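Working notes for the structure below.
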2 protein chains.
Amino acid sequence: MKIAEVSEKFGISSDTLRYYERIGLIWPVNRTASGIRDYSDLDLRRVDFIKCMRSAGLPVEVLIDYVALVQQGDETIQARKEILKEQRALLAARMQEMQKTLDILDHKIEVYENAVLKKEKEIMQEQALEIA
Amino acid sequence: MKIAEVSEKFGISSDTLRYYERIGLIWPVNRTASGIRDYSDLDLRRVDFIKCMRSAGLPVEVLIDYVALVQQGDETIQARKEILKEQRALLAARMQEMQKTLDILDHKIEVYENAVLKKEKEIMQEQALEIA
DNA sequence: CCTTGACTTGGAGTTAACTCCAGGTGATAC
DNA sequence: GTATCACCTGGAGTTAACTCCAAGTCAAGG
């Protein structure tokens, strides 16, 4: 699969895909004889993983470290697990913050809703007075 | 309340508080005769609101627009509600993305956990062989 | 065969959101 | 009263994460 197809498939620009590879966020992708990237199924799964992690806000730097550990083999399993656990905790904390904000937004929207309804009612009564 | 105290209370730097005021993210704060900011209770509630919205990732630019509408009075209630509803939807979508990532992280952590346990077991068996 | 278009690289530019700095003023501690 | 400290402003600098650009190479269509 060529870079433009991968870009299309995941909604990530070709520039970003090359950037990710350059900084070590995804493994080096196989090339055709003329040097053009040819993404394998494994490459696609790696892109998908990084896309998922990035979409949740995990920092690029942390993910680079993680990928480097994966490349170093089985000896780093413990270290990888620790990274994921830490990022999992941070993510859960962010989500809790966001839930708090969501609740406040819902409350404010409801208050505004009531304010709008009240105003409409007043206007209707004014119109009723005009007709009377 | 002086800026350093507000900074302490909310965990927002004085620089950021001044920056927020400068760009219109929070209302102008009352000053003492010599020009020093003196945050009122209302100011504190505004800071708290902005802190909450920012912590959930609502863009500064959107919040500036929202605050400007609040300052324009009751005529803008409908427009304000629309902004909040849109941001609420975006926030919920981000949270869903993050939940997906959280699930994947939990799965991976579990896989790593099992890998670590398996390795420990192998080592124990080796030790048992040595002793035997 | 030649043009068009997708690909390549290294490096520069952009964006959002702060964060820091220099230079200056007023208030407080000793 | 003087030294230190928090505060002020306008503007410059930083950081993360892309995003764009110039200049060059290769492959396929007409």
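Each chain gets a letter, A, B and so on, in the order the sequences are listed, and its residues count up from 1. Computed from heavy atoms alone, side chains included, the values below leave out hydrogens, waters and symmetry copies. Since the structure is predicted, the reported quantities are computational estimates derived from the model, not experimental observations.
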Within a strict 4.5 Å, meaning less than it, do heavy atoms of the B:M95 and B:L91 side chains meet? yes
With side-chain hydrogen bond (donor to acceptor under 3.5 Å, both in side chains) as the rule and sequence neighbours excluded, what pairs involving residues 24-35 of chain A come up? A:T32-A:S34
By side chain to side chain contact (heavy atoms under 4.5 Å, CB included), which residues pair with B:E110, not counting sequence neighbours? B:N114
Specify the separation, in whole Å, of atom CG of B:L58 and atom P of C:dA16. 15 Å
Figure out the CD/P separation between A:E61 and D:dA17, and round it to whole Å. 8 Å
Mind listing the N/O atom pairs, protein and nucleotides 18-22 of chain D, below 3.5 Å?
{"from": "D:dC18", "atom 1": "OP2", "to": "A:Y20", "atom 2": "OH", "distance (Å)": "2.9"}
{"from": "D:dC18", "atom 1": "OP2", "to": "A:R54", "atom 2": "NE", "distance (Å)": "2.8"}
{"from": "D:dC18", "atom 1": "OP2", "to": "A:R54", "atom 2": "NH2", "distance (Å)": "3.2"}

Rounded interatomic separation in angstrom, taking CD1 from A:I3 and C1' from C:dG5: 15 Å
Can B:R80 and B:Y66 be counted as having a side-chain donor-acceptor contact under 3.5 angstrom? no
Can you sort out the partners of A:T16 under side chain to side chain donor-acceptor pair (under 3.5 Å), two or more places apart, ordered by chain and number? A:S13
Could you list the residues that satisfy salt bridge (charged side-chain N to carboxylate O under 4.0 Å, His left out) with B:D38, not counting sequence neighbours? none
Take atom CG of A:N30 and atom P of C:dT8, then tell me their distance rounded to the nearest Å. 13 Å
Please report the distance, rounded to the nearest Å, between CD in A:E21 and P in C:dG10. 11 Å
Can you list, in residue-number order, the parts of residues 32-52 of chain A that come under 4.0 Å of DNA chain C, counting heavy atoms only? A:G35, A:I36, A:R37
Rounded to the nearest Å, what distance is computed from the CD atom of residue A:E8 to the P atom of nucleotide C:dA6? 13 Å
Please list, one pair per line, the donor and acceptor atoms closer than 3.5 Å that link side chains of residues 2-9 of chain A to other protein atoms, with sequence neighbours excluded.
{"from": "A:E5", "atom 1": "OE1", "to": "A:K2", "atom 2": "N", "distance (Å)": "2.7"}
{"from": "A:S7", "atom 1": "OG", "to": "A:I12", "atom 2": "O", "distance (Å)": "2.7"}

List, one per line, each side-chain donor-acceptor pair under 3.5 Å for residues 47-57 of chain A, sequence neighbours excluded.
{"from": "A:K51", "atom 1": "NZ", "to": "A:F10", "atom 2": "O", "distance (Å)": "2.8"}
{"from": "A:R54", "atom 1": "NH1", "to": "A:L58", "atom 2": "O", "distance (Å)": "2.5"}
{"from": "A:S55", "atom 1": "OG", "to": "A:C52", "atom 2": "O", "distance (Å)": "2.8"}
{"from": "A:S55", "atom 1": "OG", "to": "B:E97", "atom 2": "OE1", "distance (Å)": "2.8"}

Kindly write out the residues that satisfy side chain to side chain donor-acceptor pair (under 3.5 Å) with B:E86, not counting sequence neighbours, or none if the list is empty. none
Within this structure, what is the CZ-to-C1' distance between B:R18 and C:dA22, rounded to whole angstrom? 14 Å
Rounded to the nearest angstrom, tell me the gap between atom CG in B:L17 and atom P in D:dC7. 11 Å
